[in-house]
Amino acid sequence: MPANLENQIAIVTGGADGIGCAISQLFCKQGARVCVADVNAEMGEAFVHELNANGYKAIFVQTDISSSDSVQKMVSATASKLGNPTILVNNAGIIWENPDLLDTSEEDWRRSFGVNVDGMWNCSKAVIPYMKEARSGSIVNVGSVHGFKIVRGHFPYAVTKHAVTGLTKNLAVEFGEFNIRVNALCPGMIETPNAFKWWASMDDPEGCRKALGELHPLKRNGTLDEIAYPALFLAGPESSFMTGQNLIVDGGRTSVYHD
Ligand SMILES: NC(=O)c1ccc[n+]([C@@H]2O[C@H](COP(=O)([O-])OP(=O)(O)OC[C@H]3O[C@@H](n4cnc5c(N)ncnc54)[C@H](O)[C@@H]3O)[C@@H](O)[C@H]2O)c1
């Protein structure tokens, strides 16, 4: 049975770029109506224009997921323009590089948690009442391999991604009786447009890209499709008996012991 999102209304946060963009596109192809919710209006509007020009049904709502007011407005706009949300992909997140933990400002700490953790909770809190009423729903939280292992120099990113696995399990346990499933999708290094921009800022972009790939037993970084399809699996009917789980899609990276 091919995964099919016909009649599903999906919200994808951070859907204007990178992984969220790939997920939004695949969900549209699978028949879902999609709300792309992102702070970046320029990219979000251009992307949604392209989706609709290709015959899909999508809207863009400029949203800052760290603000519960902004999220409530986005979810209400989705319900009135597309229908009651049945799928939420909590994808938007910000990565943080920080060589010295003790230099972390209170502002940086709050901003990391504001987007990566509060943002997921704000969106979940706003869609769950619709899902409870329908006694059906699927939430996919995009975590990371940083939610399982500590990579030095990324504080407090890794702390926020550990929190994602806790939030996932807690929501799964509390809302399972309403047939609302909550799972986490945890990628390894994925080659997004922003990853290429980051490599371009280095002395040896191709060398850096390859060196990161070498950390994975599959000897390469992952592609956008290699995350979008697992997201489709978790969001759709083919994972109907899965909840509270972490699906790690990392080319084997978390299986390696690095000293
Ligand atoms: N790319 C990777 O290698 C990788 C690996 C593991 C996990 N992840 C996780 O995947 C998710 C997506 O990562 P990506 O690499 O595609 O990121 P990206 O930076 O390419 O895209 C993130 C999107 O989120 C949006 N965004 C940022 N703050 C927001 C806010 N407050 N409200 C709404 N939208 C906001 C940005 O505008 C952007 O469009 C993140 O949660 C990230 O932690 C990425």
Side-chain angles (χ1 to χ4, degrees), residues 11-26 35-48 60-75 88-97 108 110-123 126 139-151 154 156-165 167-168 184-199 208-209 212-213 215-216 220-228 230-231 234 246-251 253-254:
I11 292 171
V12 182
T13 70
D17 204 353
I19 290 172
C21 192
I23 292 173
S24 301
Q25 203 158 31
L26 181 60
C35 170
V36 173
D38 203 294
V39 270
N40 188 329
E42 201 183 329
M43 287 188 74
E45 272 160 11
F47 174 49
V48 160
F60 172 72
V61 183
Q62 188 174 25
T63 314
D64 176 358
I65 59 162
S66 66
S67 151
S68 54
D69 274 1
S70 176
V71 166
Q72 283 296 348
K73 283 180 192 146
M74 176 273 289
V75 173
L88 167 65
V89 183
N90 272 319
N91 162 77
I94 48 174
I95 188 156
W96 215 261
E97 289 189 62
D108 288 353
R110 296 254 164 258
R111 187 156 171 254
S112 289
F113 274 81
V115 178
N116 295 1
V117 185
D118 300 8
M120 285 198 181
W121 170 229
N122 288 338
C123 294
I139 299 179
V140 180
N141 294 329
V142 180
S144 171
V145 291
H146 291 255
F148 303 92
K149 298 277 164 74
I150 300 300
V151 181
H154 291 83
Y157 179 69
V159 188
T160 67
K161 289 300 184 182
H162 276 70
V164 169
T165 60
L167 180 70
T168 300
L185 172 59
C186 306
M189 183 67 214
I190 304 303
E191 297 195 337
T192 61
N194 282 325
F196 280 100
K197 282 183 203 152
W198 176 55
W199 287 319
C208 291
R209 176 182 168 220
L212 260 175
L215 297 175
H216 303 79
R220 63 177 178 84
N221 301 308
T223 66
L224 288 167
D225 270 357
E226 286 172 325
I227 294 302
L234 288 180
N246 299 303
L247 182 58
I248 301 178
V249 183
D250 71 343
R253 187 169 173 189
T254 45

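Ligands are counted one by one from 1 in listed order, and the atoms in each one are counted from 1 as well. Just so you know, these numbers come straight off a predicted model, no measurement behind them.
- Nearest protein heavy-atom neighbour of atom 36 (C) of ligand 1: Asp38 OD1, 3.4 Å.
- Here the side chains of Val151 and His154 are in contact, with some heavy-atom distance below 4.5 Å.
- The protein non-hydrogen atom at the shortest distance from atom 32 (N) of ligand 1 is Ile65 N, 3.1 Å.
- Among protein heavy atoms, the minimum distance from atom 7 (C) of ligand 1 is reached at Gly143 O, 3.2 Å.
- Gly188 counts as a contact of ligand 1, since one of its heavy atoms falls under 4.0 Å from the ligand.
- Each of the atoms 1 (N), 15 (O), 16 (O) of ligand 1 lies under 4.0 Å from some heavy atom of Thr192.
- For atom 17 (O) of ligand 1, the protein comes within 4.0 Å by no heavy atom at all.
- Contact annotation for Asp64 and ligand 1: heavy atoms of both the backbone and the side chain come within less than 4.0 Å of the ligand.
- Of all atoms in ligand 1, numbered sequentially from 1 with element shown, those under 4.0 Å from a heavy atom of Ser144 are 6 (C), 7 (C).
- Side-chain polar atoms of Asp225 and Thr223 form no donor-acceptor pair below 3.5 angstrom.
- Ligand 1 is never approached by Ile95 to a heavy-atom distance shorter than 4.0 Å.
- Taking any N or O of Asn40, backbone or side chain, none lies under 3.5 Å from an N or O belonging to ligand 1.
- For ligand 1 and Val142, the ligand atoms under 4.0 Å from any heavy atom of the residue are 9 (C), 10 (O), 11 (C), 41 (O).
- Classified by interplanar angle (parallel below 30°, tilted 30° to 60°, perpendicular above 60°), the ring pair Phe196/Trp199 is perpendicular.
- At least one heavy atom of Thr63 lies less than 4.0 angstrom from ligand 1.
- Of all protein heavy atoms, the one closest to atom 19 (O) of ligand 1 is Asn194 ND2, 3.3 Å.
- Looking at Asp17 and Asn40, their side chains never come closer than 4.5 Å, going by heavy atoms from C-beta outward.
- Nearest protein heavy-atom neighbour of atom 11 (C) of ligand 1: Asn91 O, 3.1 Å.
- Of the protein's heavy atoms, Pro187 O, 3.3 Å lies nearest to atom 6 (C) of ligand 1.
- Ligand 1 lies out of reach of Gly114, whose nearest heavy atom is not under 4.0 Å from it.
- Defined by atom type and a distance below 3.5 Å, a donor-acceptor pair is present between the side-chain atoms of Asn141 and Thr168.
- At a 4.0 Å heavy-atom cut-off, ligand 1 touches Lys161 through the side chain alone.
- Considering only non-hydrogen protein atoms, atom 22 (C) of ligand 1 sits nearest to Gly93 O, 4.2 Å.
- Using a 4.5 Å heavy-atom threshold, the side chains of Cys186 and Val145 count as separate.
- Remark: ligand 1 and Ile19 share an N or O pair separated by less than 3.5 Å (distance only, no angle test).
- Considering only residues two or more places apart in sequence or on other chains, Arg111 meets the salt bridge (charged side-chain N to carboxylate O under 4.0 Å, His left out) condition with none of them.
- Nearest protein heavy-atom neighbour of atom 24 (O) of ligand 1: Gly14 CA, 3.3 Å.
- Distances between N or O atoms of Ser66 and those of ligand 1 include no value under 3.5 Å.
- For the pair Ile190 and ligand 1, the shortest N or O to N or O distance falls below 3.5 Å.
- With respect to the salt-bridge test (charged N to carboxylate O, under 4.0 angstrom), the residues Arg209 and Glu191 qualify.
- For Glu191, the heavy-atom gap to ligand 1 stays at 4.0 angstrom or more.
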